[in-house]
Structures are given as structure tokens and as C-alpha cells.
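Here the structure comes first, spelled out in C-alpha cells, and everything after it is commentary.
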Amino acid sequence: MDNIKNIVESLKLQPHPEGGYFREVYRSEGRINEETLGNDFSGERNYATSIYFLLTSESFSAFHRIKQDEIWHFYKGTAIRLHIISDDGNYSNTIIGNDLEKGQNPQFVVRAKDWFAAEVIDADSYALVGCTVAPGFDFNDFEMPERASLISRFPEHEEIITAFTRI
């Protein structure tokens, strides 16, 4: 667990509302105006943003969604299982990691408006990943529902929703 502390300190990570730790490392100077973005957005957005995201086996990233595509990049540690519920209710999962022989994906795209949660697969471990969002991330585009709300929308996925929501 000293590794986790060293990563948090050396990358200057802070607690993330969905779980884990993060720090924004890139925000493009270029911006997209509201008219070009369409009705889903209010205000302009940067072209792209990226963060470091550290998740440990002691926590999970709770179900949430954003209005943009989010690209996950695996850097270090053990693999992450990403749980996804599409807007039309289809559940899937994928493993983000660097063991290609086991079918892990070093990079994966979560589509805009899909609900997703993440967990570190191995006990007593961590995963350091990066997340790139385009158009750039803004907390106005972030939605983390209460458990009951998500279950009422997707009752067939109650077990997985219960496992990866906080309230």
C-alpha cells in the first residue's frame, strides 16, 4: 500500500467524488462554442481534457455518466473491470489492463451517456489509469445518481447497481 501513497503524493492526486483519486493533467486551450455542441450542453467546452485516475481495491468508482465519450488508458498496477449500462439498458463489462494474452484492453472507450462503474480486480492492489474526454470534461456534464433512482430505471441490473453505488 506504500505504492498507493507514493503515487498519490508524486502525482498530486486528490479524492474524486465517484471514488479513487485524480488530477487533471490537460485541458486544451481551444474551445467549442455552445451552438456547435448541441442541445445536450450549456456553455462552451474545451476541445479535450485528461486526468490521472487512481483506483484501489479498497474502493470503487461508483456508477455515473457524462455527456461525452471517455477514453480510458491503462498505465500501471492490476487490471480494472469496467461495468457499463447503456442508456437503453444493456449491461456489459470489459477488463482494462495490459495482459493482452488474457484479453485485457489497454485502452477502452465508454460512450457518451452510458452509465459506468469500475473496480480493481485484485485484492490489496491498485490501478493507475488515464481518462481523456472530448469535448472536454465539465462537472456540469457529470451525473452520479442515487442507487434507488438507477435501480428504478434498470431493475434487471439491481445486483450490479447495488454493488457499485454509495447511496
Side-chain angles (χ1 to χ4, degrees), residues 1-28 46-137 141-145 147 150-151 154 156-166:
M1 296 322 235
D2 283 343
N3 242 353
I4 293 168
K5 183 179 177 188
N6 290 340
I7 292 170
V8 168
E9 289 175 358
S10 60
L11 294 179
K12 299 176 178 73
L13 304 179
Q14 300 295 317
H16 196 292
E18 75 200 37
Y21 302 88
F22 83 109
R23 180 172 63 95
E24 185 175 274
V25 292
Y26 175 73
R27 182 169 288 275
S28 69
N46 299 82
Y47 294 149
T49 56
S50 70
I51 63 169
Y52 289 130
F53 185 57
L54 177 69
L55 196 58
T56 72
S57 54
E58 302 297 314
S59 185
F60 59 84
S61 171
F63 270 108
H64 65 286
R65 71 177 176 177
I66 61 174
K67 296 176 181 179
Q68 305 91 320
D69 290 342
E70 181 170 325
I71 308 165
W72 287 59
H73 314 268
F74 186 82
Y75 297 139
K76 181 178 180 170
T78 60
I80 286 179
R81 177 173 285 114
L82 199 62
H83 301 275
I84 304 157
I85 302 173
S86 67
D87 202 38
D88 59 1
N90 292 315
Y91 171 81
S92 62
N93 71 76
T94 191
I95 306 296
I96 301 171
N98 61 7
D99 193 339
L100 302 179
E101 290 76 28
K102 289 185 178 178
Q104 296 177 2
N105 300 299
Q107 182 174 300
F108 183 80
V109 178
V110 176
R111 298 292 173 199
K113 299 182 184 176
D114 281 354
W115 298 97
F116 60 104
E119 66 177 319
V120 173
I121 294 173
D122 293 347
D124 301 321
S125 193
Y126 69 91
L128 177 64
V129 298
C131 297
T132 303
V133 176
F137 179 80
D141 306 327
F142 178 82
E143 185 179 356
M144 190 166 63
R147 178 178 297 143
L150 206 53
I151 289 172
F154 305 112
E156 68 276 25
H157 303 304
E158 181 175 3
E159 186 175 333
I160 197 77
I161 291 169
T162 299
F164 295 101
T165 50
R166 299 203 192 300

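Side chains included, hydrogens not; waters and symmetry mates left out as well; all remaining heavy atoms used.
- Of all non-hydrogen atoms in Ala79 and Ile95, the two that sit nearest each other are CB-CG2, 3.6 Å.
- With contacts defined as side-chain heavy-atom distances shorter than 4.5 Å, the pair Val8/Gln14 does not qualify.
- Between Phe137 and Phe142, the angle of the ring planes goes over 60°, which puts this pair in the perpendicular group of the 30/60° scheme.
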Next on the checklist: Could you go through Ile121 and Thr78, starting from their C-alpha distance and side-chain angles, then the distance that decides it, and tell me whether this counts as side chain to side chain contact (heavy atoms under 4.5 Å, CB included)?
Outcome noted: CA-CA 7 Å; Ile121 294 173; Thr78 60; 5.9 Å; no

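- Looking only at side-chain heavy atoms (C-beta outward), Val133 and Asp141 stay at 4.5 Å or farther from each other.
- Scanning both residues, Ala117 and Phe164, for their nearest heavy atoms gives CB-CB, 3.7 Å.
- Within a 6.0 Å sphere centred on OH of Tyr21, other residues, nucleotides and ligands contribute 12 heavy atoms or fewer.
- The side-chain heavy atoms of Tyr75 and Ile7, taken from C-beta on, include no pair separated by under 4.5 Å.
- No side-chain donor-acceptor contact under 3.5 Å links Arg27 to the backbone of Gly136.
- The environment of Glu24 atom CD is dense: over 12 non-hydrogen atoms of other residues, nucleotides or ligands sit within 6.0 angstrom.
- By the 6.0 Å contact criterion, OH on Tyr52 is open, its count of non-hydrogen atoms from other residues, nucleotides or ligands being 12 or less.
- Panel note: side chain Glu18, backbone Ala62; no donor-acceptor pair is recorded below 3.5 Å.
- Taking each heavy atom of His73 and Thr132 in turn, the nearest pair found is NE2-OG1, 3.0 Å.
- The distance from the CG atom of Leu13 to the CD1 atom of Ile4 is 11.5 Å, given to the nearest 0.5 Å.
- With rounding to the nearest 0.5 angstrom, the CG atom of Asn93 is 5.5 Å from the CZ atom of Arg81.
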Next on the checklist: Set out, in order, the CA-CA distance, both residues' side-chain angles and the distance that settles side chain to side chain contact (heavy atoms under 4.5 Å, CB included) for Ile161 and Trp115, then state yes or no.
Outcome noted: CA-CA 10 Å; Ile161 291 169; Trp115 298 97; over 6 Å; no

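- With rounding to the nearest 0.5 Å, the separation of OG1 in Thr94 from CD in Gln104 is 9.5 Å.
- Rounding to the nearest 0.5 Å gives a distance of 8.0 Å between CG of Leu82 and OG of Ser61.
- The main-chain N or O of Ile96 is never found under 3.5 Å from a side-chain atom of Asn105 such that the two would form a donor-acceptor pair.
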Checklist entry - What do the steps show when you test Phe74 against Gln107 for side chain to side chain contact (heavy atoms under 4.5 Å, CB included), and what is the final call? => result CA-CA 6 Å; Phe74 186 82; Gln107 182 174 300; over 6 Å; no

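- Under the 4.5 Å side-chain criterion, counting only non-hydrogen atoms from C-beta, Leu100 is in contact with Pro106.
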Item to check | CA sep, side-chain torsions, deciding dist, call: Phe154, Tyr91, side chain to side chain contact (heavy atoms under 4.5 Å, CB included) | outcome: CA-CA 10 Å; Phe154 305 112; Tyr91 171 81; over 6 Å; no

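- Between the OG atom in Ser10 and the NZ atom in Lys5 there is a gap of 12.0 Å [rounded to 0.5 Å].
- Between Phe22 and His16, the ring planes lie perpendicular to each other; the angle is over 60°, past the 30° to 60° tilted range.
- Looking at heavy atoms from C-beta onward, Arg147 lies out of side-chain contact with Phe63 at the 4.5 angstrom threshold.
- Contact record, Asp122 with Ser57: O-CB, 3.3 Å, taken as the closest heavy-atom pair.
- Here Leu150 contributes atom CG and Glu158 contributes atom CD; the two are 11.0 Å apart, rounded to the nearest 0.5 Å.
- Contact of the Arg166 side chain with the Met144 side chain is not registered, since no non-hydrogen atoms from C-beta on lie closer than 4.5 Å.
- Side-chain atoms of Ser28 come within 3.5 Å of backbone atoms of Ala48 as a donor-acceptor pair (strictly under, hydrogens ignored).
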